[in-house]
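Worksheet: one structure, shown below.
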Amino acid sequence: MSIAYLDPGNIESDLQSGSVAGFKLLWVLLVATIIGLLLQRLAARLGVVTGLHLAEVCNRQYPKAPRILLWLMVEIAIIGSDMQEVIGSAIAINLLSVGIIPLWGGVLITIVDTFFFLFLDKYGLRKLEAFFGLLITIMAVTFGYEYIRVSPDQGQLLKGMFFPYCEGCGTRQLEQAVGIVGAVIMPHNMYLHSALVKSREVNRANKKEVREANKYFFIESAIALFISFIINVFVVAVFAEAFFGKTNIEVHNECFNKTSPHSDLFPNNTDTLEVDIYKGGVVLGCFFGPAALYIWAIGILAAGQSSTMTGTYSGQFVMEGFLNLKWSRFARVILTRSIAITPTLFVAIFQDVEHLTGMNDFLNVLQSLQLPFALIPVLTFTSLRPVMNEFANGLGWKIAGGILILIVCSINIYFVVVYVSALGHVVFYVIAALLSVAYMCFVVYLTWQCLVALGLKFLQCGDTVSIHQIMLAEDQPASPIN
């Protein structure tokens with residue numbers, strides 16, 4: 001579950017946050033992680049109490065048309081996440097090979113890693129968990145090395161983390177703050193987490209055991225997200241200390257003096273430095289030596305590889321839950337990876353590395369758009385007493401959950417509007433406007449159902465069948481006691 005907080009999209013958001021705003025947005029990262037933890041708690045509770053994951057509950061509760069649309073939206077998010085894994089791994093391989101392996105070659109190599117994970121998966125869940133633990137350890141060690149090497153100002157770091165301020169910040173910093181929230185909270189992770197908790201044996205007939213399971217899953221999630229938060233802080237702090245306020249010409253001259261082959265990446269002007277996961281490794285190498293570059297690349301490779309099986313598991317659970325299709329993980333990973341690799345390969349072949357890393361921004365926007373299709377259903381079903389019985393959300397959680405989801409969705413819609421506005425072409429505006437109408441209609445439908453579940457019964461139309469009535473009509477109660 002915590003891997004979704006450490007994928008290449010998150011790492012890029014972290015380094016851009018540090019280079020654009022210094023330490024000033026660390027509190028945004030902290031708040032986003034806490035919000036993510038609270039939302040993950042709802043997803044885990046749904047799986048523990050009902051014995052069903054979120055996609056299965058959606059399948060039983062929603063009518064056919066919304067169910068199919070939800071499935072498509074989540075699949076888009078999963079494919080977008082897989083594309084980020086491909087991009088991150090390809091860039092890391094290119095850096096580690098000193099450019100000998102081209103970007104398109106790195107993209108093709110990522111096909112191999114999927115078969116390795118499938119092979120490892122045959123040896124059991126614990127082995128796979130151990131391997132994920134190894135990858136997270138590699139990220140902690142590599143990004144921790146960069147942190148120690150750069151030695152950020154600890155006072156500024158703590159101030160940026162615990163004092164919500166952003167003195168002197170403008171539009172660019174605001175957009176970056178929004179981007180942090182969009183990168184941290186992943187829609188498909190809600191579906192994944194609600195399914196992963198089913199790997200533990202829980203006697204749902206025993207309410208005390210269910211309550212205990214909820215407590216320990218929350219503790220487990222808190223520890224996992226704390227570790228991912230620390231790794232994200234390492235990245236932000238490194239780029240905040242070393243590259244905040246730097247100009248292109250400063251970096252260009254430093255790289256040129258160190259005889260770096262990448263000095264041409266930075267134009268000879270006084271504009272503020274803009275970095276991505278590729279340029280990030282290059283500037284670290286120029287300022288702190290080749291070891292910093294290669295260690296950075298190893299960390300990015302670990303981040304990319306670790307998200308491979310996250311997408312595979314998510315895709316399998318989502319497909320089985322929404323469509324009742326039982327696909328093998330082999331077939332599932334071939335489908336997802338084929339769709340992810342095709343556009344990425346074309347960009348890698350016909351464009352440069354900046355266009356490839358620029359896809360991460362687009363993919364973060366794409367996944368931001370999908371957030372309502374995970375957050376609204378999870379709040380809806382965890383608030384329904386016919387689904388959760390005595391474990392349904394109380395009034396406090398209903399209000400807090402509703403406010404959190406409203407804030408997160410509003411932030412991400414703003415993020416999307418800013419991104420589309422920057423495209424600067426009337427055709428894009430027209431397409432975005434048409435898609436926005438259909439998008440908002442579906443979000444309004446899900447929100448309406450959610451508000452009814454939260455207790456606003458006056459919104460329920462006389463002839464409309466509510467979602468919990470659909471569950472009862474199908475005679476398939478998602479009850480913790482069978």
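Since we're looking at a predicted model, the values are computed, not measured.
In this structure, the side-chain contact (heavy atoms from CB on, under 4.5 Å) partners of Leu72, at least two apart in sequence or on a different chain, are Ile68. Residues that satisfy the disulfide (SG to SG under 2.5 Å) test with Cys58, not counting sequence neighbours, are absent from this structure. Every ring-ring contact (aromatic ring centres under 6.0 Å, His included) that Phe442 has, sequence neighbours left out, goes to Phe373. Looking at residues two or more places apart in sequence or on another chain, you find a side-chain contact (heavy atoms from CB on, under 4.5 Å) between Leu26 and Phe23, Leu29, Leu157, Met161, Val233, Val236. Annotation: ring-ring contact (aromatic ring centres under 6.0 Å, His included) contacts of Tyr5 (sequence neighbours excluded): none. For Phe266, there are no ring-ring contact (aromatic ring centres under 6.0 Å, His included) partners two or more places apart in sequence or in a different chain. By the ring-ring contact (aromatic ring centres under 6.0 Å, His included) test, His53 is found to be paired with Phe317, residues two or more places apart in sequence or in another chain being considered. Partners of Glu56 according to the salt bridge (charged side-chain N to carboxylate O under 4.0 Å, His left out) rule, which considers only residues two or more places apart in sequence or in another chain, are Lys198. Taking Leu406 as the reference, Ser410 meet the side-chain contact (heavy atoms from CB on, under 4.5 Å) condition, with sequence neighbours excluded. The side-chain contact (heavy atoms from CB on, under 4.5 Å) check on Ala242 picks up Val150, Phe288, with sequence neighbours excluded. Taking the salt bridge (charged side-chain N to carboxylate O under 4.0 Å, His left out) definition, one finds that Glu274 meets it with Arg172, sequence neighbours left out.
In this structure, CD1 on Ile93 lies 12.5 Å from CD1 on Ile300, to the nearest 0.5 angstrom. Atom CG of residue Leu384 and atom CD of residue Gln449 lie 9.5 Å apart, to the nearest 0.5 angstrom.
Looking only at atom types and distance, the side chain of Asn248 has a donor-acceptor partner in the side chain of Asn269 under 3.5 Å away.
A ring-centre distance under 6.0 Å is found for Phe239 and Trp296.
Nearest heavy atom pair, residue Cys450 against residue Ile376, reads CB-CG2, 3.8 Å. Shortest non-hydrogen contact noted between Ile185 and Ile35 is CD1-CG2, 3.9 Å. Between Gly88 and Ile277, the shortest heavy-atom contact is CA-CD1, 4.0 Å.
The stretch residues 15-27 participates, sequence neighbours left out, in no side chain to side chain donor-acceptor pair (under 3.5 Å) pair at all.
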